[in-house]
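What follows is a short report on a single structure.
Counting starts at 1 for both ligands and their atoms, in listed order.
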Amino acid sequence: MATSSSAELSKAVKQQYMDLPQGDKVQIMYVWIDGTGEGLRCKTRTLDSEPKCIEELPEWNFDGSSTYQSEGSNSDMYLIPSAMFRDPFRKDPNKLVLCEVLKYNRKPAETNLRLTCNKVMDMVENQVPWFGMEQEYTILGTDGHPFGWPNNGFPGPQGPYYCGVGSDKAYGRDIVEAHYKACLYAGVMICGTNAEVMPAQWEFQVGPCEGISMGDHLWAARFILHRVCEDFGVVASFDPKPIPGNWNGAGCHTNFSTKEMREEGGLKAIEESIERLGKRHSYHIRAYDPKGGLDNARRLTGHHETSNIHEFSAGVANRGASIRIPRTVGQEKKGYFEDRRPSANCDPYAVTEAIIRTCLLSEEGDEPVNY
Ligand code: ADP
Ligand code: MN
Ligand code: MN
Ligand code: MN
């Protein structure tokens, strides 16, 4: 028998082993971002007791030459535990631990964008920056074809699928439900889900999260999604435009506020931030996908509820703008705003750092990008 996916193995047989007691030992799954800046890697070690905080977790290492992170001759990379979650797959007392990656010389790996993000967040701690990110993604079969789409051809045109219900409208809800529960168990700040405009495309929201925890929680949620999809024999894609043509792309709208913006009359501070963002459009586009704008160029066409990648725009309740002020925020004159430009495969550490640098540290200067 040829078995193509672990999803085809008997989950009933597996459960017999998963139910075995594990004594005093604890399994810690170390998770990190690989050299692509998008891919996640993981490996597990046993500890003798349950860690109560991140400081109790030992550093570890891995072979960077196998993750696009170093050459074979100097391949040891360090894993620095950074954020700990309950493991929804192995369950308590086991843990998932998100790690920063350092090179042999203990400098951050090229795709470790958490270190500088963390420094920037420390500088503005007193303004209590909150983020909320809306992660869109597409469920694919292992053949790369969107889940539930006909083998040859396309489903009916977009219209009935967004927030849809029914077998002919919601493609793959089992994944969404399993992921939602798994995130809640883990302690990830997931705050909602919905079916998207393109069939087999979905969204989950994480937030509001303060400072560096935005990136930590979004990466943890992504890891859990990939792991859930593995159990079901499907694949989660964060490609910003998985199907070219008249089908919506996938973004990662990033909502942002400070203490001042959330207080009475905060709209003024929101407008000031938007004005700063308008002067640094290219800088942000460069930070909003792992290829410096190239990925987003396929998505930000000015159609399908996106803005054009070459232009900055802002407006109340405008889903065709770079920045949207939600209608209730416009009415109450306080709250938050939404940056709709980040790509689904963005690094949330890069996105949140760029927003803080422009809006709160008042950094200026911009250089055009060729996309
Ligand atoms: P949309 O209408 O754009 O689809 P969603 O309901 O999908 O909005 O997502 C809203 C996001 O905004 C969530 O991630 C939520 O955590 C975040 N959010 C809500 N209030 C704030 C706030 N004050 N500051 C930052 N983010 C916020
Ligand atoms: Mn949304
Ligand atoms: Mn959406
Ligand atoms: Mn949105």
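A salt bridge is absent between Arg319 and Glu305: the closest approach of a Lys/Arg side-chain nitrogen to an acidic carboxylate oxygen does not fall below 4.0 angstrom. A salt bridge links Lys52 and Glu50; the closest N-O separation between the charged side-chain nitrogens and carboxylate oxygens is under 4.0 Å. Checked for salt-bridge contact, Asp216 and Arg114 meet the test: a charged N lies under 4.0 Å from a carboxylate O. Salt-bridge formation is detected for the pair Arg86/Asp92: a Lys NZ or Arg NE/NH1/NH2 atom is positioned less than 4.0 Å from an Asp or Glu carboxylate oxygen.
Considering backbone and side-chain N/O atoms, Tyr336 never comes within less than 3.5 Å of an N/O atom of ligand 1. Considering backbone and side-chain atoms together, Ser257 places an N or O closer than 3.5 Å to an N or O of ligand 1. Below 3.5 Å of separation, one finds no N or O of Arg262 facing any N or O of ligand 1. An N or O contact shorter than 3.5 Å links Glu203 to ligand 1 by distance. Considering backbone and side-chain atoms alike, Glu134 places an N or O below 3.5 Å from some N or O of ligand 1.
Considering all non-hydrogen atoms of both residues, Gln201 and Asn248 come closest at NE2-O, 3.5 Å. For Ser322 against His281, the heavy-atom pair with the smallest separation is OG-CE1, 4.5 Å.
Counting heavy atoms closer than 4.0 Å to ligand 1, residue Met261 contributes nothing at all. For Arg319, every heavy-atom contact with ligand 1 shorter than 4.0 Å involves the side chain, none the backbone. Only the side chain of Cys191 comes within 4.0 Å of ligand 1, counting heavy atoms alone; its backbone N, CA, C and O stay farther away. The proximity of Val206 to ligand 1, defined as any non-hydrogen pair under 4.0 Å, is limited to the backbone.
At the shortest separation from atom 6 (O) of ligand 1 among protein heavy atoms lies Gln205 CD, 4.4 Å.
Rounded to 10°, the angle formed at the Mn ion (ligand 4) by His253 ND1 and Glu338 OE2 is 90°.
Contact of the Asn194 side chain with the Phe204 side chain is not registered, since no non-hydrogen atoms from C-beta on lie closer than 4.5 Å.
The name of the N, O or S atom in Glu134 nearest to the Mn ion (ligand 2) is OE1.
Two rings, from Trp60 and Trp32, have their centers 6.0 Å or more apart.
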